[in-house]
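Structure record follows, encoded as structure tokens.
What you are looking at is a predicted structure, and each value in this text was computed from that prediction instead of being measured. The sequence lines fix the lettering, A, B, ..., with proteins before strands; numbering per chain opens at 1.
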Amino acid sequence: MSFTLFSYRSSRVGVVTAGTLLGLPALANAQETVSSGDTAWITVASALVLFMMIPGLAMFYAGLVRTKNVLSLFMQCFVITAIVTLIWVIYGYTLSFDAEGMVAGGHGLHAFIGGFENIFMRGMTPDSVHGTIPEALFFVFQMTFAIITPGLFIGAFAERMRFSAVVLFTVLWVSLVYLPVCHMVWGGEGSFFGDMGVIDFAGGIVVHLTAGTTALVAAIMVGPRKGYGKVPMPPHNLVMTLTGTAMLWVGWFGFNGGSALAANGKAAMAIVVTQISPCVAGLTWAVIERIRIGKPSALGFATGAIAGLAAITPASGSVGPLGAVVIGLVSGVFCYWAATSLKMKLGYDDALDVVGVHGGGGLVGTLLVAVFGAGVLGGWEKNLDILHQLGVQGLAIAFTLVYCGVLSVVLLKAVDGLVGLRVTAETEEEGLDLGDHGEVGYDF
Amino acid sequence: MSFTLFSYRSSRVGVVTAGTLLGLPALANAQETVSSGDTAWITVASALVLFMMIPGLAMFYAGLVRTKNVLSLFMQCFVITAIVTLIWVIYGYTLSFDAEGMVAGGHGLHAFIGGFENIFMRGMTPDSVHGTIPEALFFVFQMTFAIITPGLFIGAFAERMRFSAVVLFTVLWVSLVYLPVCHMVWGGEGSFFGDMGVIDFAGGIVVHLTAGTTALVAAIMVGPRKGYGKVPMPPHNLVMTLTGTAMLWVGWFGFNGGSALAANGKAAMAIVVTQISPCVAGLTWAVIERIRIGKPSALGFATGAIAGLAAITPASGSVGPLGAVVIGLVSGVFCYWAATSLKMKLGYDDALDVVGVHGGGGLVGTLLVAVFGAGVLGGWEKNLDILHQLGVQGLAIAFTLVYCGVLSVVLLKAVDGLVGLRVTAETEEEGLDLGDHGEVGYDF
Amino acid sequence: MSFTLFSYRSSRVGVVTAGTLLGLPALANAQETVSSGDTAWITVASALVLFMMIPGLAMFYAGLVRTKNVLSLFMQCFVITAIVTLIWVIYGYTLSFDAEGMVAGGHGLHAFIGGFENIFMRGMTPDSVHGTIPEALFFVFQMTFAIITPGLFIGAFAERMRFSAVVLFTVLWVSLVYLPVCHMVWGGEGSFFGDMGVIDFAGGIVVHLTAGTTALVAAIMVGPRKGYGKVPMPPHNLVMTLTGTAMLWVGWFGFNGGSALAANGKAAMAIVVTQISPCVAGLTWAVIERIRIGKPSALGFATGAIAGLAAITPASGSVGPLGAVVIGLVSGVFCYWAATSLKMKLGYDDALDVVGVHGGGGLVGTLLVAVFGAGVLGGWEKNLDILHQLGVQGLAIAFTLVYCGVLSVVLLKAVDGLVGLRVTAETEEEGLDLGDHGEVGYDF
Amino acid sequence: MKKIEAIIRPSKLNDVKEALTATGCQGMTSIEVKGFGRQKGHTEVYRGAEYVVEFQPKVKVEAVVPDDHAQAAVEAILKAAATGSIGDGKIFVSTIDEAFRIRTGESGEDTL
Amino acid sequence: MKKIEAIIRPSKLNDVKEALTATGCQGMTSIEVKGFGRQKGHTEVYRGAEYVVEFQPKVKVEAVVPDDHAQAAVEAILKAAATGSIGDGKIFVSTIDEAFRIRTGESGEDTL
Amino acid sequence: MKKIEAIIRPSKLNDVKEALTATGCQGMTSIEVKGFGRQKGHTEVYRGAEYVVEFQPKVKVEAVVPDDHAQAAVEAILKAAATGSIGDGKIFVSTIDEAFRIRTGESGEDTL
Ligand SMILES: Nc1ncnc2c1ncn2[C@@H]1O[C@H](COP(=O)(O)OP(=O)(O)O)[C@@H](O)[C@H]1O
Ligand SMILES: Nc1ncnc2c1ncn2[C@@H]1O[C@H](COP(=O)(O)OP(=O)(O)O)[C@@H](O)[C@H]1O
Ligand SMILES: Nc1ncnc2c1ncn2[C@@H]1O[C@H](COP(=O)(O)OP(=O)(O)O)[C@@H](O)[C@H]1O
């Protein structure tokens, strides 16, 4: 490793400072380049998104499995956090956000993947700036999204996938699926989806649709749990799942509100709709259960709420309260159907319903933003042509489904060949906690 | 639903921008109207208050009940969150904060309840401003207070009230009790209590006294749990209750500190006293237990701390450290007495001690702020006439007790007639989790 | 108590406002003295550090003990929070940060301990300013550090130390160890370590080294748990420990990022390295376990992560990503060795591995910052002479070890004489929850 | 000596304990069990997946008593544990050959 | 009457319950137990401290049946609970002197 | 065959297990139970509400042994489980008519 790696450049990103606009003397520049208010908010938003992963998602998922596998879910969430952090430091950030060589409307390599300018954070100092926040903070905020996305799909193959396979698959998937998709959507001018005009405020495509697609492929390829459909596999700790739900919910304020990259009215309005949608979706799920089963369950409300949160994610920068209500309603109904009827009909064992909830939610939101983003329907997108936008969103969805689906198949095959996807039957029987990690969750 | 509903007005609230003060060119206006620092803090404060409800309060309460009812507390917290959010969106915010038609000193309708200008968030855009923060953020922050208030009183009738009754009562109570009281206190110039000069920084009256009063009425009207006083009903998971306590405590920084509606010295000082009071109250409770029972319990400390937090709430913008110490001390002693001796003497089954802790705490703080807000006693209220202020606070307390008490009786009667207040004896026996929701909390 | 105690001075700390620099009219001053963005961030950072103590550390520790002692850990964390808060209000803050009488390079009393100017927060109003934040906020932020430090070492004597002894020892230790060490390091110009040029950004010495040293002394002096080494004492709830780990991790963003006392690039970069180090350290620990035992455990990853967080703490303002990777790696290896081999070899019963993890981590970070703070190794310290700085850091470490070690012996002797260090054999057998607090953690 | 095993409703444990001690029984042991019988179970539904739980939570109380106390003990339990609804439980009586008190090493009926 | 005590693998409880009911047994009681035997335990390691856990989670099913049903019940369990690997468990048969139904106070084989 | 049921202190389980195996007993089953007896309980107080908990946590160890090993087994337990304080527990011995090993279907003393 050569030391020139660390001869950092100063401020990578040019910004038009408020000072310049005001015609204040240059002295003001340094002071106003970074907004301490925006920085404060995005710092907290980053912490909130990390909090969604650990402990939020870990608790949400781990409560749903059987006691013998509770730690395996936690461990996978922790280790994914660690691995993706290191990928992000080494080559993830640069491949997602290095804009070197991008041309608006171009369809060369860099429309699909970033460059290598910022490899191992090259050039980033405490003084580097991105918009109105330190670049290091932009780095952290985006990192948390890269962390939680693979975290989501582990729910699909919970209770049976080998730990080493999860690790290896995460490395490959983040490198070959997440980074390109992230770049295509959020890479700025010259990025494939970005230039198409795709709207994805906080990751309906980048996060939920990719996770949902991979979850479907993985649930099928890893195969159902031993006894699935015959042996009862009720959640071992719904209290923990509900606690995790609440943490995800609150953290989502940072996820969606933070995606404004500033502490302003846009962030606040994003939070308003991020609150409305899960409320409507959770109530919708509860009402369906009330009608069909006779009793609204807490797990049902929670599942609906997460679906509503996933669905509002891509739309949260564009829709108003009306859109949020409709997105909540549609995602509640659609995800209920996807996670119960559809799953049973198709027969795959998506253990923790990643496909139905995140895939379904991501789909609903990514499409409906094209409708309810329009000013006439209470949205904030000026000049939105609903039909055209629906086409754009649909295209992006289709491309992502295919790209992510095919890659998932290939990578899972590779991982199977290298280390084997599944634990042994004995480990599955005694539980992954003992089998993979040599410990147990509780000893009351 | 007509689309004109969504022809939003821009910025509802006039503000004197810093730019104007500085005599900078108009260009600066748009930029400086909203303070990104204040916005960052109130955004986080809103997230903190939501965090107090889910999972904070849910955990605090659910840990105190028996295993068979653990999910019912969570479900009620979640569904109240959802319902109040929708009420807030549709008519709650406007009835609380629409200042249309308010006259300083007037005693017309609008001294007691807001107008309909902002129904379904009409007129609110990402550009609307309230003071130095986006109006959408003010909307969210106040919403979280409306959410947690009915959340508090469910502790009184825990383990026996029918889920549908809780839902219906919440809708009625928020509409007919919370919204008016909130408007009377925080509605600004022309509001009933506001014009009287009532001091209630963060909700001693609006939140804790209303919740405590309703808790008392409900505990009596719903009746004691089957076996109350004969069968032991110890908490099933104190660890969860203590975790919830800590979350409430930390969240209270947002509750009280956020009530400054800015990131400034007032917020910081509010947080200082918000830290001092629960420490003193918790220690006080522990010392009392040490003397009377021989052992200071963790639950005792936690209960005292929550009492201290409730008590400092109305006072946190006015008192200094001396006031915080005294408020902590008095609330520790008073709430201990109320939650143990008084409750036993009167014989009502306030399952989770909402009356003693929140009613008691709210009472103590609302009165003592009139004393320790005075500069001579270390407070920040200039020109405070202690005796006069005590009268004002007492009057507001009395009015609230009567209004809230009477309404609670009426609404509970109505709910009883419509859906029945109590679950069946069998459901109470097997637990609300199975009976009302068809699921169980743990399956280790 | 005389009322003159409360005749507060206004703004204690002189600041050069940005307004002055810009040559704006005086009117701007009041407005710009306090940065609302910095205030927002440090407010949240304070909440995050409090969140690390309750519930973070409480859960992390309580999950590791046996069921019968779970509440005792929670209670100790809560009561320490309360006691240290009151100490901080009364004399802690002033003895740490009152700069009265300090002379750069002086070695008088005030190089080692602050003055009494701010006793019982004298002179602090909502308008007092410290740097760009309200002084009340600086007060709160520093208070949270004083709270968590004694919280850390209770892990060493968990499951056997008498509650009253913990209380008494905390009072003495904070007064005679924490306050002076804090002053020596962070007291500003004229402080002992500060003038030496010691680098300790967020508390490698002040927090982790002191806690680790005292933990070692206490583990030895209190003696091993009954049956230690013979009876199995596995953690009773690893799920809770992992949840606590995640809370500590996220909270550490506030701990280290907040130590910049501003929302800026320095804070952001501190957070970047605060994320990298635990990831590397956790993975390192897991890999060691994989090699030595065959299975990487979730507890192992978590322990490594906390070690990595402790280690990066003093260095987080100085090192870049390279330094973070190396610090993570070294702390992972060193703390693994210290918490397993070294502990077993020396035979003391450090129940929850405070010595190995916090002592070890603090040591590694305090030394390595002298190396990786250098610009040539990717750090941000201009003109850092590595060898000289190593000497300075080593000296400070040695001084702290001796001072803190000797004081710990003396204070524990005193506490033993006054109330007795250990619970009775019966209480140890039936558990501290029943014995000291009269309650039990779970009743499923 | 006779061993009385009574499978009862969890909520009746305290009543049974008091009834037994009233007959002079000085010790007993209780165990959380799950019972299957005529009492029908309940259904739990998690995201559409139904689980029929046929085993009910019950408590088993075991008391070893001198032969001539057995009948009184049984009658006491019958009285204390009955509610009249399905699921009240059973009592089984069997023979114990020998009993020892660990603390003292004694054996025989005196140890009970 | 005979009491059949079967110590089985937890995962076999449902099969055993169905096999028993198929033989006409209308009630039974199950208990979570820990078993020690030929089946070897596992090792847990917490921060370097090794714990060998020799007791395995098992379930004990107790069913009291009329004398002439005992053999059928034992055979049903033997069939339903066997996997062929070490740790399948044991069945113990003993004699019950008397049985009572708490709900009605009846005694005898009809109560089972 | 004899069934030895020993109600002991939870902390003595390991000692009892080793003592029993030392007498040649190759298997046993342990159960968490709550015991009521001469040993007095404790009081818990939650917000002023006092609960007297009279049942103590105990462990019941069940081992079925050949008739001629029974005495040795009892003696081993008596030795391993005693502390001399009230609450050490009891040992009850009863008769088992038949035993089966589920894995193989064998019956008789060899299955133990
Ligand atoms: N033959 C049996 N052997 C062992 N336990 C039994 C038997 N029959 C019933 N039980 C136990 O008694 C409980 C109550 O039996 P059940 O048939 O439901 O009601 P009831 O005793 O009122 O007729 C069951 O849950 C089970 O634990
Ligand atoms: N002598 C015994 N007395 C009581 N329980 C026994 C005895 N021997 C075995 N068990 C129980 O049977 C279970 C299975 O026994 P084990 O020897 O492991 O396998 P297997 O029955 O297949 O030979 C043990 O875990 C234990 O619970
Ligand atoms: N007659 C009995 N039948 C069943 N179990 C008993 C009986 N007497 C005592 N026990 C069990 O033995 C345990 C210890 O008994 P106890 O009277 O407290 O002490 P000791 O055995 O030392 O006299 C009790 O907790 C209970 O579980």
Approximate separation, where rounding is to 0.5 Å, of [X] [atom1] and [Y] [atom2]:
| X | Y | atom1 | atom2 | answer |
| --- | --- | --- | --- | --- |
| E:Ser107 | D:Phe92 | OG | CZ | 12.0 Å |
| D:Ile86 | E:Thr104 | CD1 | OG1 | 11.0 Å |
| D:Ser94 | E:Lys3 | OG | NZ | 6.0 Å |

Atom group of E:Leu13 that falls short of 4.5 Å from chain D, counting heavy atoms |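 Side chain only.
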Is any side-chain heavy atom of D:Phe36 closer than 4.5 Å to a side-chain heavy atom of E:Thr21?
->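 Yes, their side chains come closer than 4.5 Å.
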With a 4.5 Å limit on heavy-atom distance, are the side chains of D:Arg38 and E:Arg101 in contact?
-> yes
Portion of [X] that has a non-hydrogen atom of chain E nearer than 4.5 angstrom:
| X | value |
| --- | --- |
| D:Ile4 | neither |
| D:Thr95 | both |
| D:Glu32 | backbone |

Of the non-hydrogen atoms in E:Thr111 and D:Lys90, which two are nearest, and what is the gap between them?
->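 For E:Thr111 versus D:Lys90, the nearest heavy atoms are O-NZ, 3.0 Å.
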How close do E:Ile102 and D:Leu78 get, heavy atom to heavy atom, and via which atoms?
->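 In terms of heavy atoms, the two residues are closest at CA-CD2, 3.6 Å.
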So which bits of residues 43-71 of chain D come within less than 4.5 Å of chain E, counting non-hydrogen atoms only?
->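 Within residues 43-71 of chain D, the residues under 4.5 Å from chain E are D:Glu54, D:Phe55, D:Lys60.
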Pairs of heavy atoms under 4.5 Å with chain E: top-ranked of D:Ser85, D:Gly35, D:Ala6 =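 Among the listed options, the one with the most contacts to chain E is D:Ser85.
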Residue among D:Gly89, D:Ala82, D:Gly37 with most heavy-atom pairs under 4.5 Å to chain E =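 Counting heavy-atom pairs under 4.5 Å, the top option is D:Gly89.
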Quick one: do D:Lys2 and E:Asp97 make a salt bridge, cutoff under 4.0 Å?
-> yes
Under the 3.5 angstrom rule, does the side chain of D:Lys34 hit a backbone N or O of E:Ile31 as a donor-acceptor pair?
-> no
